[in-house]
There are 2 protein chains.
Amino acid sequence: MSAEPVQPTTAHNRRSELLAIAAGLFASKGFKNTTVRDIADAAGILSGSLYHHFDSKESMVDEILSTFQDELFGRYDAILLSDDDARTKLEQAVEVSFAAIDQHRDEVAIFQNEAAYLGGFERFAYLAERNAQSREVWITLLDDGVRSGALRSDLDIELTYRFLRDTVWVAVAWYRPGGKLAHTDIARQYLTILLDGIARPTPTTQGDTP
Amino acid sequence: MSAEPVQPTTAHNRRSELLAIAAGLFASKGFKNTTVRDIADAAGILSGSLYHHFDSKESMVDEILSTFQDELFGRYDAILLSDDDARTKLEQAVEVSFAAIDQHRDEVAIFQNEAAYLGGFERFAYLAERNAQSREVWITLLDDGVRSGALRSDLDIELTYRFLRDTVWVAVAWYRPGGKLAHTDIARQYLTILLDGIARPTPTTQGDTP
DNA sequence: GAACCAACCAAGCAATTGCTTGGTAGGGTA
DNA sequence: TACCCTACCAAGCAATTGCTTGGTTGGTTC
């Protein structure tokens, strides 16, 4: 008979519930622009009560971002270690990234928007490390692609890496789950554009998989 | 030598100087993250003195963004009105965008990072209008491209538009003038990727088995 | 040499910020 | 009954914020 003001999250405890609420606000309003009172209001408690669960507002983003990144880079590592060919790996990395946008939209958005600012603080130095690690992943995939003949050899790899990375992640700005296109559809379309271009193919076909 | 863009009526030099300083801070630290004391410090004056030149901190971004957008959309309009073929127009629009990143990096960065937040205020409603106008430009260019046969007909135009728009503007996050690549080089490389893709062209030859 | 003016200073105010402190309601356990 | 625990409240503090007010400076003009 007690109507508990609880949201339909699968959260075990109050802590992760509050983190999800904070993530949503950080993602849509920005970290600095979100006050602890905003978070508390959205959770239906007073701002001071947040400090029963967390040390600080900073530690909230910290936990949000580091948890997400641990998971994401675990998936990238799995791809790099697989036996697939270069092109397949590249496609998988793109798909994994779009899946992350689908399943962790807030976290991706926070990372996209706040990494530059937060990275300036000692506490968030790991953001720069993860960034470097991400570069390793993509550059490796692109190099392997060129070496194996799957990709054109006249590309500026560094530039291509930036376009690839940016184009994948920036989709978080407009993608909403449950829309017309599933994240898998978007990933496939993006890969088509990226791999084959938007210009009308000149004489011959786009290749089939042998 | 050539006539520089000058302010109407009284050319207050100090005013545009302060605006440029503010733009640099807004771009690198974010609008909300930049205090009026930050701006004043960077300019070597006290924070209160800023209010001799500007009504508010908000009016500073306002002026920065609206001035920039007026110029940018003037260039887009010129392209749309030209007699060039569809593909050339598309290439020119991309080149103009990269030129804007080169010449107005701060303004582009501010628009990229703060439009979502600022757009929520009545005062900045024009940001959403400009966004819609920008969509018109790209969609028109893409539609014309498909209709004229310059572009593939199996593209999701809406998705391609987002890909195109995002990938162009997001370059502001890493591009620095005076680097290894001029903005014209980047535009050309980007167009190559966009139009022809990164996959190795597979004409009739199929001998790429390892 | 008086009037004027743009640019700035010095001081501070009201609101907002992140966070602290001491307390309490309600449930479980012994 | 007594004890503990989690999750919260109530109140407020110190710092920071955007902005205001009244005054000062140095240069220009007539």
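As the structure is a prediction and not an experimental result, all values here were calculated from the model. Protein chains get the first letters and strands the later ones, always in sequence-line order, with residue 1 at the start of each. We use all heavy atoms of the structure for the numbers below, so side chains are in, but hydrogens, waters and symmetry mates are not.
Counting any heavy atom pair closer than 4.0 Å across all strands shown, A:Thr34 reaches sugar-phosphate atoms only and no base atom. The residue B:Ser47 sits close to a base: some heavy atom pair falls under 4.0 Å.
Nucleotides of DNA chain D nearest to B:Asp55 and A:Ile45 differ in position, and the one nearer the 5' end is that of A:Ile45. Ranked by how close their nearest DNA chain C nucleotide is to the 5' end, A:Ser49 and A:Asp38 are led by A:Asp38. In this structure, B:Asn33 and A:Arg15 both approach DNA chain D, and ranking their closest nucleotides by distance from the 5' end singles out A:Arg15.
The existence of a salt bridge linking B:Arg15 and B:Glu63 is confirmed by a sub-4.0 Å separation between a basic side-chain nitrogen and an acidic carboxylate oxygen.
Seen from the ring of A:Tyr161, A:Arg165 counts as a face-on cation partner, given the 6.0 Å and 45° thresholds. For B:Lys57 and B:Phe26, the positive end is not near the middle of the six-membered ring at less than 6.0 Å and at most 45° from its axis.
Closest approach to the A:Leu46 side chain among D:dA10, D:dG12, D:dG18 is made by D:dA10 (side chain taken as heavy atoms from C-beta onward). Counting only heavy atoms from C-beta on, B:Val36 has its side chain closest to D:dG18 among C:dC8, D:dA7, D:dG18. Across C:dA7, C:dT17, D:dC8, the shortest atom-to-atom separation from the side chain of A:Thr35 is found for C:dT17.
Per the geometry, CG belonging to B:Leu50 stands 14 Å off C1' belonging to D:dT17, to the nearest Å. One can place CZ of A:Phe54 at 15 Å from P of D:dT6, the figure rounded to the nearest angstrom. Separating the CG atom of B:Asp62 from the C1' atom of D:dG18 is a distance of 17 Å, rounded to the nearest angstrom. In this structure, CG of A:Asn13 is placed 11 Å from P of D:dC8, rounded to the nearest angstrom. Between the P atom of C:dT17 and the CG atom of A:Asp41 lies a distance of 11 Å, rounded to the nearest Å. Between A:Arg37 atom CZ and D:dG12 atom C1' there is a gap of 10 Å when expressed in whole angstrom units. In this structure, A:His53 atom NE2 and C:dT20 atom P are separated by 15 Å, rounded to whole Å. Between the C1' atom of D:dC8 and the CG atom of A:Leu18 lies a distance of 11 Å, rounded to the nearest Å.
The side chain of B:His52 places an N or O atom within less than 4.0 Å of a non-bridging phosphate oxygen (OP1 or OP2) of C:dA7. The side chain of A:Arg14 places an N or O atom within less than 4.0 Å of a non-bridging phosphate oxygen (OP1 or OP2) of D:dC8. Between A:Tyr51 and C:dT20 there is no side-chain polar atom (N or O) within less than 4.0 angstrom of OP1 or OP2.
Rounding to the nearest 0.5 Å places CD of A:Glu129 at 11.0 Å from CZ of A:Phe73.
B:His104 and B:Phe68 have tilted rings, their planes meeting at an angle from 30° to 60° on a 0 to 90° scale.
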